[in-house]
Amino acid sequence: MAASATIPSSSFFAKNRNHLSLSPQNPFLSSIFNVSLTSNVRRRKQTTFIVLSMDAKPTVLVAEKLSDAGLKLLKDFANVDCSYNLSPEELCTKISSCDALIVRSGTKVSRNVFESSGGRLKVVGRAGVGIDNVDLAAATENGCLIVNAPTANTVAAAEHGIALLTAMARNIAQADASVKAGKWQRNKYVGVSLVGKTLAVMGFGKVGSEVARRAKGLGMHVIAHDPYAPADRARAMGVDLVEFEEALATADFISLHMPLTPATSKILNDETFAKMKKGVRIINVARGGVIDEEALVRALDAGIVAQAALDVFTEEPPSKDSKLIQHENVTVTPHLGASTMEAQEGVAVEIAEAVVGALKGELAATAVNAPMVPAEVLAELTPYVLLAEKLGRLAVQLVAGGSGVKSVKVTYSSARGPDDLDTRLLRAMITKGLIEPISSVFVNLVNADFTAKQRGLKITEERVVLDGSPENPLEYVQVQIANVESKFASAISESGEVRVEGRVKDGVPHLTKVGSFEVDVSLEGSIILCRQVDQPGMIGKVGMTLAEDNVNVNFMTVGRIAPRKQAVMAIGVDEQPSKETLKKIGDIPAIEEFVYLKL
Ligand SMILES: NC(=O)c1ccc[n+]([C@@H]2O[C@H](COP(=O)([O-])OP(=O)(O)OC[C@H]3O[C@@H](n4cnc5c(N)ncnc54)[C@H](O)[C@@H]3O)[C@@H](O)[C@H]2O)c1
Ligand SMILES: O=C(O)[C@H](O)COP(=O)(O)O
């Protein structure tokens, strides 16, 4: 009857720069990928499992050119299929045999791609920043993790922005073409100076702030508009954060550095061009879609915009006879912002590490559609995450019929302040525990909230703040399911819900309450709950019945209202008892009800 810990301590975690490495048996691994070290690719209901057995490597499809350094990292871990220029149909066909996909901005990762993968595609790595070419909603619905490489090309993009700014101001591209055409037009290509001019940086994030820093070095007066940027960061760089309208009205140059979102789509349009200073110059190394390109042609023709320098387009490549591309006051490059040797090597390594990490079950620091939890927080939360899933599993199995579960309340009790506890991970795992035993749906950290919503499962969370030393992140977690009947009446609390409560003891999750009965059983193997009239010999009788079936008991406790009154016995078992054995337990005269629960 000795308890045994399921979570090794120090060897369990191996931290690296961005990730927390976890052993293959860990909760995140199974949560994100359902990886098994021993099984081969197999179907579980509708879900294909990724397999990391020694002889079955995952397959990574690299759909756009990636630097050798990144490819090498991938090849050390996976089978790598470099297939460039695939048509959408070819991509959909290939994807069903791939566990991961790596793209740049040139590949549309549409809903069709996720649906065609049949559940096998577990991670898409975007070797760059912008993820507007990936259908994030479809990825999330299909439980596919999206990671990007958000930092390695920042400087390259900023340098390209400055290159376009200076080239445009001095007509470099046009003058170059003219000289090569045998002309010598010194009067035609008189430029404008930058020093003392106002540059409005629209989007003061990574690239925008690097552009601002460089423009200050050129002697420009830099202002920025970004509704989400902290003013003190801008102030520290000598940049004034201003409202959108002010930026439009005062800038001599406008450089765009915001992501393409529904809010920024065509943010420069007829109406906004009309508010600009006559003769303004526009630089775009963000995304083509932030400008209404037809309106820009009109503004150029009207002389509102004197010049534009564009690296990105609504459609890439743009049509050859596009009026915008051919406009004599427009300088263009074919989406070269991130295209330096250094940046490409950087993004390739960054994305390869993130994809390999994700395939190993690590939580990526650059996850776009899953909770990003710092490694040290994750290390502390791990046993609680395991506890959360198991409590969800137990609670739903206690419900008669199971599927009527609609309203779940989770209570986290902690001596830490509410801001110190990120419950997204815990909520996702409770959701997984609640849904998986009663459905064919595969739930992971990526799709947990979506799946709960889709099933009409409302999960409310409550914090109980305890006095005392906040040594542990949590004291207990309680899961209550309202408006249901239980197949084990003793699991119903005084207030009428199915209730289970658990704690982590010495790093091991324990079930500590069922209904209003205190119990104490480590959450490993499976559990038998029996309600009986408290009397001598009960532990022996049940223990012997299990022993006769060669079922090993790993833990056993009795929680009772009072001596010789009603009691709930919780028994942890390593093996599944046979039906006959369970019947024999039920037939022991003092046992009033019992339930067998798989963890
Ligand atoms: N041309 C290229 O090759 C290339 C290379 C790198 C990045 N990019 C693009 O540049 C853009 C910026 O990249 P980043 O790495 O700096 O991203 P980032 O997330 O660090 O910065 C984007 C900034 O835009 C701000 N923003 C959001 N909505 C805004 C709005 N309505 N108005 C003003 N600001 C708004 C955000 O608050 C954020 O600070 C992205 O679109 C990215 O795809 C292009
Ligand atoms: O968003 C980005 O990172 C840039 O636009 C670069 O895109 P690319 O990887 O296609 O060059």
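Start at 1 and go down the list; that is how both ligands and their atoms are numbered.
At a 4.0 Å heavy-atom cut-off, ligand 2 touches R126 through the side chain alone. Within the 4.0 Å heavy-atom criterion, the part of T264 lying near ligand 1 is the side chain and not the backbone. By the criterion of a heavy-atom distance under 4.0 Å, neither the backbone nor the side chain of F244 is placed next to ligand 1. With a 4.0 Å cut-off on non-hydrogen atoms, V312 does not touch ligand 2 at all. Contacts of H225 with ligand 1, taken as heavy-atom pairs under 4.0 Å, involve both backbone and side chain. For K206, heavy-atom contacts with ligand 1 shorter than 4.0 Å involve the backbone as well as the side chain. Under 4.0 angstrom from ligand 2, the non-hydrogen atoms of S105 come from both its backbone and its side chain. When non-hydrogen atoms are compared, ligand 1 lies under 4.0 Å from the backbone of D226 as well as from its side chain. With a 4.0 Å heavy-atom cut-off, ligand 2 is reached by no atom of A157. Within the 4.0 Å heavy-atom criterion, neither part of E64 lies near ligand 2.
Distances from atom 4 (C) of ligand 2 to the heavy atoms of K65, R104, H335 show the closest one on H335.
The shortest N/O to N/O separation between V285 and ligand 1 falls below 3.5 Å. Not a single N or O atom of L336, backbone or side chain, sits closer than 3.5 Å to an N or O atom of ligand 1. Residue contacts with ligand 1: D311 is placed with a nitrogen or oxygen under 3.5 Å of a nitrogen or oxygen of the ligand (distance criterion only). Considering both main-chain and side-chain atoms, V312 never comes within under 3.5 Å of ligand 1 through any nitrogen or oxygen pair. Distances between N or O atoms of Q344 and those of ligand 2 include no value under 3.5 Å.
Looking at K323 and E293, no side-chain N of the basic residue comes within less than 4.0 Å of a carboxylate O on the acidic one, giving no salt bridge. Salt-bridge formation is detected for the pair D449/R427: a Lys NZ or Arg NE/NH1/NH2 atom is positioned less than 4.0 Å from an Asp or Glu carboxylate oxygen. For the pair D68 and K72, the salt-bridge criterion is not met [side-chain N within less than 4.0 Å of a carboxylate O]. A salt bridge does not link R281 to D252: none of the charged nitrogens lies less than 4.0 Å from a carboxylate oxygen.
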Open item on the list: Walk me through whether T272 and F244 qualify under side-chain contact (heavy atoms from CB on, under 4.5 Å).
Closed with: CA-CA 10 Å; T272 47; F244 183 59; 3.8 Å; yes
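Scanning the protein for heavy atoms near atom 34 (N) of ligand 1, the closest one is G203 CA, 3.4 Å. At the top of the distance list for atom 24 (O) of ligand 1, counting protein heavy atoms only, stands P259 CD, 3.3 Å. Nearest to atom 41 (O) of ligand 1 among the protein's heavy atoms is M258 O, 3.2 Å. The single protein non-hydrogen atom nearest to atom 7 (C) of ligand 1 is V129 CG2, 3.9 Å, given as residue, atom name and distance. Scanning the protein heavy atoms around atom 16 (O) of ligand 1, the nearest turns out to be V207 N, 2.8 Å. For atom 5 (C) of ligand 1, the nearest protein heavy atom (residue, atom name, distance) is A157 CB, 3.4 Å. Protein heavy atom nearest atom 10 (O) of ligand 1, with residue, atom name and distance: A286 CA, 3.7 Å.
Of all atoms in ligand 2, listed by their number and element, those nearer than 4.0 Å to a heavy atom of G130 are 1 (O), 2 (C), 3 (O). Contact atoms of ligand 2 toward A127: 9 (O) (distance under 4.0 Å to a heavy atom of the residue). If you number the atoms of ligand 2 from 1 as listed, the ones under 4.0 Å from a heavy atom of A338 come out as 6 (C), 11 (O). Proximity to G128 (heavy-atom distance under 4.0 Å) selects the following atoms of ligand 2: 3 (O).
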Using distance only, find each side-chain donor-acceptor pair of residues 197-206 under 3.5 Å and give its atom names and separation, not counting sequence neighbours.
from	atom 1	to	atom 2	distance (Å)
K197	NZ	S193	O	2.9
T198	OG1	H221	ND1	3.2

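For the atom pair CD of E159 and CZ of R214, the computed distance is 5.5 Å after rounding to the nearest 0.5 Å.
For the pair P227 and ligand 1, a heavy-atom separation below 4.0 Å is found. Ligand 1 does not have A229 within reach: every non-hydrogen atom of the residue lies 4.0 Å or more from it.
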